[in-house]
There are 2 protein chains.
Amino acid sequence: MVKKKTASPGKKIVLIGAGNVATHLGMALKKSGQEILQVYSRSKKSASDLANSLNAAYTCDLKQLDKHADIYVIAIKDDALVEIAKQIRFKSIVVHTSGSVEMTALKGCTSHYGVFYPLQSFSKARKIKLKNVPICIEASDKQTEKELIRLAEKISNRVIKIDSEKRQAIHLAAVFACNFSNHMYAIAEDILKTNQLPFQILQPLIKETAAKVEKNSPFKMQTGPAIRGDRNVMIKHINNLSEKKTSQAIYKLLSESIRENKN
Amino acid sequence: MVKKKTASPGKKIVLIGAGNVATHLGMALKKSGQEILQVYSRSKKSASDLANSLNAAYTCDLKQLDKHADIYVIAIKDDALVEIAKQIRFKSIVVHTSGSVEMTALKGCTSHYGVFYPLQSFSKARKIKLKNVPICIEASDKQTEKELIRLAEKISNRVIKIDSEKRQAIHLAAVFACNFSNHMYAIAEDILKTNQLPFQILQPLIKETAAKVEKNSPFKMQTGPAIRGDRNVMIKHINNLSEKKTSQAIYKLLSESIRENKN
């Protein structure tokens, strides 16, 4: 006799927030068989747009939040998160998706709370395969942890338990690896633009630089004039940046930092 | 009648240098049908290793350089390049592969000189498809330019004419986009290590950050606490870096720079 697979029933979810994280998470959760009951946003347009694509209800009033969800997912900016957490109270699970807010910010909302933090940078315009994105889970109690891990595993292959302190370290590291490396690209774009050159010329280099650290330590992969100690090139570069004082200061500081790391 | 393709005869090439650039270029040139006559390096081991894999002769003595090459490719560190350029004299074409040395550094070597600069970061351990790598060409005269473009097009689909000034701007931009973004990864690695977390966790984020700017301006793709003006998160991060003073200074300076760019 062939054993029938019994699919675990979908969870009922309310999304609080309709930005990039809420959108990507909502889509992935729905696709994985969960039911999105409702979307909340202060902006009616944002709430209704996302609700429509998730076949959900929407509201702009916290008092109108659906009381029958299994899980409430708060995916909004950190400041607003803390404010909203003060205003809601449920019996079921409440989680937030922030990298830097402590789990205990949700203490007043429910007795079953946690964190559901997808380690990725989301933009509305780009599709992301959540399957490869690490989801960091933290929970107030074992049962909640089990529920959150089960839910996360429906959308990602890389679910990890991470406490608030370690999550904040990950978030800080992500600022360097993502936000700051993007800013390095932006400065490069600015330099090229000043010289009537297309940013596109750097594509293969950027791709290779990112690909190199897939299997190697970036510390060991460092190249360039600073690690070689090539003073002549560095002086030339610093002079070339004389019209861009902030970028010049960045060039000096990062070159020093690379030298320090070498020692 | 079907027109027969007549393959242009391979060029005879001498490689001066046996490092990463010489190795990758040498391999690609040989594969494209050129003949590598000889490899020069100060180090006998480096010279003979590369020569063996290219089926070429080798020497450690500049006076023994083969006089019958069509093109001499100097692919060594900038300082050594200028020194070696003073010591050689040929009738055929001499080029260097540097991003930052002026073409005229080769003036004394020959009356046909130029630059053959592949815009990529090469490591011995990684294979690179040169086909997609931009090769920046500059030449002392039209005939040399034609020859160099023809040669470059045998190994790359992205051959561009770039004068010394613009090439230096590209090289400077590349330091930001490649060397400095790698250093951002290295600082992230350091933060994670301090918290007993694996660098690997950031892979999807790093990949996505690089992929985002393939078709978008990095200036417009900026995310994170600095561009949002999220003071609370930034203060927390700066405090978390109190044991890593240089990284803390970098955090502050880059956040300011991101804010400046916004205005």
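What you are looking at is a predicted structure, and each value in this text was computed from that prediction instead of being measured. So you know, we letter chains A, B, ... as the sequences are listed, proteins then strands, and number each from 1.
- Contacts between A/Ile250 and chain B at a heavy-atom distance below 4.5 Å involve backbone atoms as well as side-chain atoms.
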Atom pairs and distances, donor-acceptor, side-chain atoms in residues 97-104 of chain A, under 3.5 Å, two or more places apart:
| from | atom 1 | to | atom 2 | distance (Å) |
| --- | --- | --- | --- | --- |
| A/Ser98 | OG | A/Asp78 | OD1 | 2.9 |
| A/Ser98 | OG | A/Ser100 | N | 3.0 |
| A/Ser98 | OG | A/Val101 | N | 3.1 |
| A/Ser100 | OG | A/Asp78 | OD2 | 2.6 |

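- Between chain B and the options A/Lys236, A/Gln168, A/Gln200, A/Lys212, the largest number of non-hydrogen pairs under 4.5 Å is found for A/Lys212.
- Interface check for chain B: of the options A/Thr194, A/Asn216, A/Val133, A/Leu241, the most heavy-atom pairs under 4.5 Å are formed by A/Leu241.
- In terms of heavy-atom pairs under 4.5 Å with chain B, the best-connected choice from A/Ala249, A/Ser257, A/Ala169 is A/Ser257.
- Between the side chains of B/Ser217 and A/Glu189, at least one donor N or O sits under 3.5 Å from an acceptor N or O.
- Considering all non-hydrogen atoms of both residues, B/Leu205 and A/Ser121 come closest at CD1-N, 3.3 Å.
- Counting heavy atoms from C-beta outward, B/Phe122 and A/Thr223 have side chains that stay 4.5 Å or more apart.
- Within residues 176-188 of chain B, the residues having any heavy atom closer than 4.5 Å to a heavy atom of chain A are B/Phe176, B/Ala177, B/Cys178, B/Asn179, B/Phe180, B/Ser181, B/Asn182, B/His183, B/Met184, B/Tyr185, B/Ala186, B/Ile187, B/Ala188, listed by residue number.
- Put simply, of A/Lys215, A/His171, A/Arg228, A/Lys207, the one with the most heavy-atom pairs under 4.5 Å next to chain B is A/His171.
- The choice from B/Asn20, B/Asp190, B/Leu253 that makes the most heavy-atom pairs within less than 4.5 Å of chain A is B/Leu253.
- Looking at B/His237 and A/Val175, their side chains come closer than 4.5 Å, going by heavy atoms from C-beta outward.
- In summary, the side chains of A/Thr246 and B/Glu256 do not present any donor paired with an acceptor at a separation below 3.5 Å, with no hydrogens or angles considered.
- Contact of B/Ile162 with chain A is made through the side chain alone, with heavy-atom distances under 4.5 Å.
- Ranking A/Ala226, A/Ala174, A/Cys136 against chain B, the residue ahead of the rest is A/Ala174, based on heavy-atom pairs under 4.5 Å.
- Between B/Lys77 and A/Asp230 the shortest side-chain heavy-atom distance does not fall below 4.5 Å.
- Annotation: side chain of B/Tyr251 is in contact with side chain of A/Leu172 (closest heavy-atom distance under 4.5 Å).
- A distance of 12.0 Å separates CD of A/Glu208 from CG of B/Leu119, quoted to the nearest 0.5 Å.
- Heavy atoms closer than 4.5 Å to chain B are found in the side chain of A/Val233, but not in its backbone.
- Interface remark: B/Gln203 contributes side-chain atoms only to the contact with chain A (heavy atom separation under 4.5 Å).
- Counting non-hydrogen atoms of neighbouring residues, nucleotides and ligands closer than 6.0 angstrom, the NZ atom of B/Lys193 reaches no more than 12 such neighbours.
- Looking only at heavy-atom pairs under 4.5 Å with chain A, the residue among B/Ile191, B/Ile160, B/Asn232 that has the most is B/Ile191.
- For B/Lys131, the NZ atom counts as densely surrounded, since its 6.0 Å shell holds more than 12 non-hydrogen atoms of other residues, nucleotides or ligands.
- Contact annotation for B/Ala211: both backbone and side-chain heavy atoms come within less than 4.5 Å of a heavy atom of chain A.
- When the candidates B/Leu192, B/Asn132, B/Ile201 are compared by the number of heavy-atom contacts under 4.5 Å with chain A, B/Ile201 comes out ahead.
- In this structure, A/Gln120 contributes its side chain and B/Pro204 its backbone to a donor-acceptor pair below 3.5 Å.
- Surrounding CD of A/Glu165 are at most 12 heavy atoms belonging to other residues, nucleotides or ligands under 6.0 Å away.
- The parts of B/Asn195 that come within reach of chain A are both its backbone and its side chain, each placing non-hydrogen atoms under 4.5 angstrom from that chain.
- Each of A/Gln196, A/Glu214, A/Lys220 has some count of heavy-atom pairs under 4.5 Å with chain B, and the biggest count is that of A/Glu214.
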